[in-house]
Amino acid sequence: MSEATVADTRRLNSKPQDLTDAYGPPSNFLEIDVFDPQTIGVGRNRFTTYEVRMKTNLPIFKLKESCVRRRYSDFEWLKNELERDSKIVVPPLPGKALKRQLPFRGDEGIFEESFIEERRAGLEQFINRIAGHPLAQNERCLHMFLQDESIDRNYIPGKV
Amino acid sequence: MSFFSFGQSAEIDVVLNDAETRKKAEHKTEDGKKDKYFLFYDGETVSGKVNVTLKNPGKRLEHQGIKIEFIGQIELYYDRGNHHEFVSLVKDLARPGEMAQSQTFDFEFTHVEKPYESYTGQNVKLRYFLRATISRRLNDISKEMDIVVHTLSTYPELNSSIKMEVGIEDCLHIEFEYNKSKYHLKDVIVGKIYFLLVRIKIKHMEIDIIKRETTGTGTNVYHENDTIAKYEIMDGAPVRGESIPIRLFLAGYEMTPTMRDVNKKFSVRYYLNLVLIDEEERRYFKQQEITLWRKGDIVRKSMSHQAAIASQRFEGSASAEKALSQAKEDDN
């Protein structure tokens with residue numbers, strides 16, 4: 001009885017793929033845009049808000065489309081909640097730019113157009129990285145941030 | 001140790017009887033270089049000659065005895081002083097006395113048990129060697145000759161495939177399958193990954209081979225992991241229902257057979273690590289142990305017989321049976 005020296009490398013049998021699965025929309029659709037910065041208020045009480053628009057087909061999100069306005073401190077709040085409650089390594093936010101908030105600057109400080117654009121891009125990258133994380137998707141704070149009209153800082157933290 | 005020797009000195013060397021015919025095998029040394037050594041298997045006889053050459057002709061060599069040893073030992077790098085000998089055989093070649101001229105001694109270690117494979121690792125070394133020694137009052141003269149031992153196995157009777165469904169609840173479900181759980185060193189891993197649910201954005205998927213060397217016992221266990229291979233099997237985003245094939249040829253990688261608890265001192269085990277990476281560089285992985293074994297070289301059958309086996313792969317059994325019986329007839 002001889003042993004074959006030619007190894008059998010034929011593919012294993014696999015189930016044929018359903019065509020609606022192959023050509024239909026993927027189940028991982030998740031897009032978040034951070035855009036339309038608006039500076040509200042006057043003088044020393046000004047602040048900038050950004051529109052956070054989300055489109056998804058992930059069943060874990062209640063709304064398939066949502067649109068809210070958020071400011072930088074809201075993003076900071078989200079980062080802190082996630083760092084405290086979840087086990088994930090939270091990506092960094094764009095800088096706080098404290099220097100820009102000092103007086104006697106030659107430019108508009110934190111309301112400078114180029115700075116706002118830089119910050120907008122950084123916030124967009126931050127929220128997309130977070131929202132796609134399977135563990136972050138379980139946290140109530142993320143859902144509130146993305147889909148509730150306003151953030152209730154007195155909410156009860158927990159899992160979805 | 002070299003003192004000013006006013007007396008006689010000698011050179012000692014060991015030569016195997018079958019040095020011309022015995023195969024040599026490559027083996028890595030501790031500093032990473034590759035050398036060739038005579039290859040032995042369990043149960044083989046080790047025989048040869050010990051040549052003692054006197055350096056100063058005319059003078060006599062006083063000695064306390066001449067012997068040759070066959071040693072198999074395990075050396076843990078963190079505990080170099082203690083060698084654990086699991087094979088220790090000795091043959092006395094000459095009683096204490098004087099040698100007037102150069103001499104050659106025959107030796108034979110019959111059917112020596114060599115239970116483990118030679119191994120040079122990150123934290124442990126298992127080696128076999130012959131050591132010829134001329135004992136003297138102040139300093140011995142000795143010479144070591146390393147050999148390499150391979151342990152062979154045959155095709156295992158039971159070799160079930162590995163098939164498992166794993167994932168993250170509501171995010172990612174896959175079913176992976178590898179065609180065997182025991183592979184020989186020149187084998188091919190044939191498998192597939194079937195996607196049941198994909199709610200994350202996967203960028204690519206790879207399969208790694210990880211070697212884990214474990215030394216120490218009880219609470220002082222130390223694992224040394226080494227990724228031997230990284231092989232990308234998928235580039236791009238899969239969807240539900242997609243099957244990704246795996247075909248990984250092991251002959252291209254430097255691996256040893258799986259060694260479990262050798263002499264209760266160390267283990268060398270191998271794992272397949274399936275890794276999925278998403279668009280944010282997050283890694284999702286599943287590790288699975290496989291058993292590696294060393295197949296002996298078989299005597300080549302005639303070419304027509306080999307071709308008949310190969311045709312079985314592509315034509316289906318009916319015509320191949322004909323080809324096989326035809327080839328057998330040709331052989332006879």
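Naming convention: chains lettered A, B, ... in sequence-line order (proteins, then strands); numbering from 1 in each chain. Just so it is clear, the model here is predicted, and its values are computed rather than measured.
Counting heavy atoms from C-beta on, the side chains of B/Asn179 and A/Leu12 come closer than 4.5 Å. Between A/Pro26 and B/Val239, some side-chain heavy-atom pair lies under the 4.5 Å cut-off.
A/Asn28 places a side-chain N or O within donor-acceptor distance of the main-chain N or O of B/Ile200, the cut-off being under 3.5 Å.
Highest contact tally toward chain B, considering only A/Val89, A/Leu30, A/Asp18, A/Asn128, is held by A/Leu30 [criterion: heavy-atom pairs under 4.5 Å]. When the candidates B/Pro238, B/Gly191, B/Ala237 are compared by the number of heavy-atom contacts under 4.5 Å with chain A, B/Gly191 comes out ahead. Listed options B/Glu281, B/Arg247, B/Lys201 were ranked by heavy-atom pairs under 4.5 angstrom with chain A; first place goes to B/Lys201.
For A/Arg120, the CZ atom sits in a packed shell: over 12 heavy atoms of surrounding residues, nucleotides or ligands are nearer than 6.0 Å. For CD of B/Glu254, the number of neighbouring non-hydrogen atoms (other residues, nucleotides, ligands) closer than 6.0 Å is 12 at most. In this structure, A/Tyr155 places its OH atom where more than 12 heavy-atom neighbours from other residues, nucleotides or ligands lie under 6.0 Å away. No more than 12 heavy atoms of other residues, nucleotides or ligands sit less than 6.0 Å from atom NZ of A/Lys99. Annotation: B/Lys28, atom NZ; neighbour count of heavy atoms from other residues, nucleotides and ligands within 6.0 Å does not exceed 12. The neighbour count for A/Asp152 CG, taken as heavy atoms of other residues, nucleotides or ligands under 6.0 Å away, is above 12. For B/Arg212, the CZ atom is densely surrounded, since the number of other residues' heavy atoms within 6.0 Å is greater than 12.
Taking OG from A/Ser27 and CG from B/Leu172, the interatomic distance works out to 11.0 Å, rounded to the nearest 0.5 Å. In this structure, NZ in A/Lys15 is found 7.0 Å from NZ in B/Lys192, a value given to the nearest 0.5 Å. A distance of 11.5 Å separates CD1 in B/Ile246 from CZ in A/Arg11, rounded to the nearest 0.5 Å. Here the straight-line distance linking atom OG1 of A/Thr9 with atom CG of B/Leu248 works out to 12.5 Å at 0.5 Å rounding. Atom CZ of A/Phe29 and atom CZ of B/Arg199 lie 15.0 Å apart (nearest 0.5 Å).
When the heavy atoms of residues 40-71 of chain A are compared with those of chain B, the residues falling under 4.5 Å are A/Leu58, A/Pro59, listed by number.
With a threshold of 4.5 angstrom between heavy atoms, A/Asn138 does not approach chain B through any atom at all. Looking at B/Glu177, both its backbone and its side chain come within 4.5 Å of chain A, counting heavy atoms on both sides. For B/Arg282, the part lying under 4.5 angstrom from a heavy atom of chain A is the side chain only.
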*asked:* side chain to side chain contact (heavy atoms under 4.5 Å, CB included) for A/Gln17 and B/Glu242? Distances and angles first, verdict last.
replied: CA-CA 6 Å; A/Gln17 189 179 25; B/Glu242 203 117 34; 4.0 Å; yes
